[in-house]
Amino acid sequence: MKYIHRFSQGLHMRQVDMMLDNISNSSATLSKMSMKLRSVCVRSMRRLRKKRGQKVGGLNICVHIDESKFRHRRKYARGRYGGAWRRKSWVFGMVEILPSRKPVLRLVDKRNKTTLLPIIEKHVKRGSIIHSDEWRAYSTLSERGYQHHTVNHSINFVNPLTGVHTQTIERAWANFKTEVWRLRANRSEKALKKHLIYIEWTYWLGRRHRQGILGKLLHDISQFYH
């Protein structure tokens, strides 16, 4: 129980942190426990997707969209690049601004129109206000039932005429990447994909539970293991 409580506080504690807390002296034991708890979160999020879908936005609700690389970061810019640097996949994100700030995160091989538009149409409700950069894959969003506004990032971070920006998802990328790098969760595409689902669980389910993240984690454990 102490482990679950400390795990839920940070949701992404490193083994060294938990060993300093005297939760366990075994790195192997901590790895197994962390994997079990994260797998519970992943299963819970997948069940939500299957049961209710995973849509953000709505009439006049703003959604920021963007793509980003989650490559491995070398310490002090030294060391081997490894497979994560050679990886060509992107993480495509959609973040609802208000009231929930819920993210939808998908690992994609390409960021072209053929790949990204079906994902947007599946997860962003028609009538939503979408803010993006001027990437050409988004050029037809206004024709597909969205209120689409752009900012040219080569000139400004915020459109000086309209106030349009994508700073919410830019800040989200910084937070998500810090977590992924700290836990080395991008060592493989499989690991990264699971961790993206885990991040979604935090915002869609964990933080929205009436008893908080710990309450939701305990609830999910009881659902899957009792």
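For this chain, numbers begin at 1 and follow the sequence in order. Predicted model only: the values in this text are computed from it and were never measured.
- Hydrophobic clustering keeps Val158 apart from Val63 (ILVMFWY residues linked when any side-chain heavy atoms are closer than 4.5 Å, directly or through intermediates).
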Could you walk me through whether Tyr146 and Glu121 satisfy the side chain to side chain contact (heavy atoms under 4.5 Å, CB included) test, starting with their C-alpha distance in whole Å, then the side-chain angles of each, then the deciding distance to 0.1 Å, before giving a yes or no?
CA-CA 10 Å; Tyr146 301 104; Glu121 291 181 320; 4.0 Å; yes

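- Under the side chain to side chain donor-acceptor pair (under 3.5 Å) criterion, the residue pairs touching residues 91-104 are Glu96-Ser100, with sequence neighbours excluded.
- Looking at Glu200 and Arg46, their side chains never come closer than 4.5 Å, going by heavy atoms from C-beta outward.
- Atom CD1 of Ile221 is separated from atom CZ of Phe224 by 10.5 Å, given to the nearest 0.5 angstrom.
- Pairing each heavy atom of Leu105 with each of Gly93, the nearest pair is CD2-CA, 4.0 Å.
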Taking it one step at a time, do Ile130 and Ile65 satisfy side chain to side chain contact (heavy atoms under 4.5 Å, CB included)?
CA-CA 7 Å; Ile130 295 182; Ile65 64 175; 3.7 Å; yes

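- For Lys113, the NZ atom is densely surrounded, since the number of other residues' heavy atoms within 6.0 Å is greater than 12.
- The two residues Ser132 and His148 make their nearest non-hydrogen contact at OG-NE2, 2.8 Å.
- Ring pair Phe176/Trp173 is perpendicular by interplanar angle, where above 60° counts as perpendicular and below 30° as parallel.
- Lys190 meets the side chain to side chain contact (heavy atoms under 4.5 Å, CB included) test with Ser188, Lys194; sequence neighbours excluded.
- Classified by interplanar angle (parallel below 30°, tilted 30° to 60°, perpendicular above 60°), the ring pair His219/His209 is tilted.
- In this structure, the side chain of Ser128 engages the main chain of Gly58 through a donor-acceptor pair within 3.5 Å.
- Judged purely by atom type and a 3.5 angstrom limit, Trp204 uses its side chain to pair as donor or acceptor with the backbone of Pro103.
- Residues Trp201 and Asp220 meet the side-chain proximity criterion, which asks for heavy atoms closer than 4.5 Å.
- Asn175 pairs by the side-chain hydrogen bond (donor to acceptor under 3.5 Å, both in side chains) definition with nothing, not counting sequence neighbours.
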I'd like to know whether Gln54 forms a side chain to side chain contact (heavy atoms under 4.5 Å, CB included) with Leu48, so could you lay out the CA-CA distance, the side-chain angles of the two residues, the decisive distance to 0.1 Å, and finally the verdict.
CA-CA 7 Å; Gln54 190 182 8; Leu48 171 72; 5.5 Å; no

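- With rounding to the nearest 0.5 angstrom, the CZ atom of Phe70 is 15.5 Å from the NZ atom of Lys193.
- In this structure, the side chain of His131 engages the main chain of His165 through a donor-acceptor pair within 3.5 Å.
- Taking hydrophobic clusters as Ile, Leu, Val, Met, Phe, Trp and Tyr residues chained together by side-chain heavy-atom distances below 4.5 Å, Phe157 does not share a cluster with Val95.
- Pairing each heavy atom of Ala137 with each of Leu117, the nearest pair is O-CD2, 3.7 Å.
- Residues Leu217 and Cys41 have side chains in contact (heavy-atom distance under 4.5 Å, counting atoms from C-beta outward).
- Of the N and O atoms on the side chains of Gln223 and Ser44, not one donor lies less than 3.5 Å from an acceptor on the other residue.
- For Asn152, the side chain to side chain contact (heavy atoms under 4.5 Å, CB included) test picks out Glu134, Ser154, Ile155, with sequence neighbours left out.
- Between Ser68 atom OG and Glu170 atom CD the span is 7.5 Å, to the nearest 0.5 Å.
- A heavy-atom distance below 4.5 Å is found between the side chains of Leu192 and Val180.
- Remark: Glu67 pairs with Arg111, Tyr138 by the side-chain hydrogen bond (donor to acceptor under 3.5 Å, both in side chains) rule, at least two apart or across chains.
- Put simply, Ile61 and Ile120 are part of two different groups of oily side chains (I, L, V, M, F, W, Y) that touch within less than 4.5 Å, one to the next.
- The side chain to side chain contact (heavy atoms under 4.5 Å, CB included) test applied to Lys55 returns Lys125, not counting sequence neighbours.
- Within the model, atoms CG of Leu116 and CZ of Arg106 stand 12.5 Å from one another, a figure rounded to the nearest 0.5 Å.
- Here the closest heavy-atom approach between residue Ile199 and residue Tyr203 is recorded as O-CD1, 3.2 Å.
- When side chains are defined from C-beta on, His153 counts as touching Thr166, because their heavy atoms get closer than 4.5 Å.
- A chain of hydrophobic side-chain contacts below 4.5 Å, direct or via other Ile, Leu, Val, Met, Phe, Trp or Tyr residues, connects Val42 to Val40.
- Cluster membership check: Val56 shares its hydrophobic cluster with Ile197, using side-chain heavy-atom separations under 4.5 Å among Ile, Leu, Val, Met, Phe, Trp and Tyr.
- Not one N or O on the side chain of Asn156 forms a donor-acceptor pair closer than 3.5 Å with the backbone of Asn159.
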Can Asp66 and His64 be said to form a side chain to side chain contact (heavy atoms under 4.5 Å, CB included), step by step?
CA-CA 7 Å; Asp66 193 28; His64 287 187; over 6 Å; no

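- In this structure, CG on Leu205 lies 9.0 Å from CZ on Arg47, to the nearest 0.5 angstrom.
- No side-chain heavy atom of Thr150 sits less than 4.5 Å from a side-chain heavy atom of Val164.
- Judged by distance alone, the side chain of Lys177 and the main-chain N or O of Ala172 form no donor-acceptor pair under 3.5 Å.
- The nearest pair of heavy atoms linking Met94 to Ile169 is N-CD1, 4.2 Å.
- Between Trp135 atom CH2 and Asn112 atom CG the span is 8.5 Å, to the nearest 0.5 Å.
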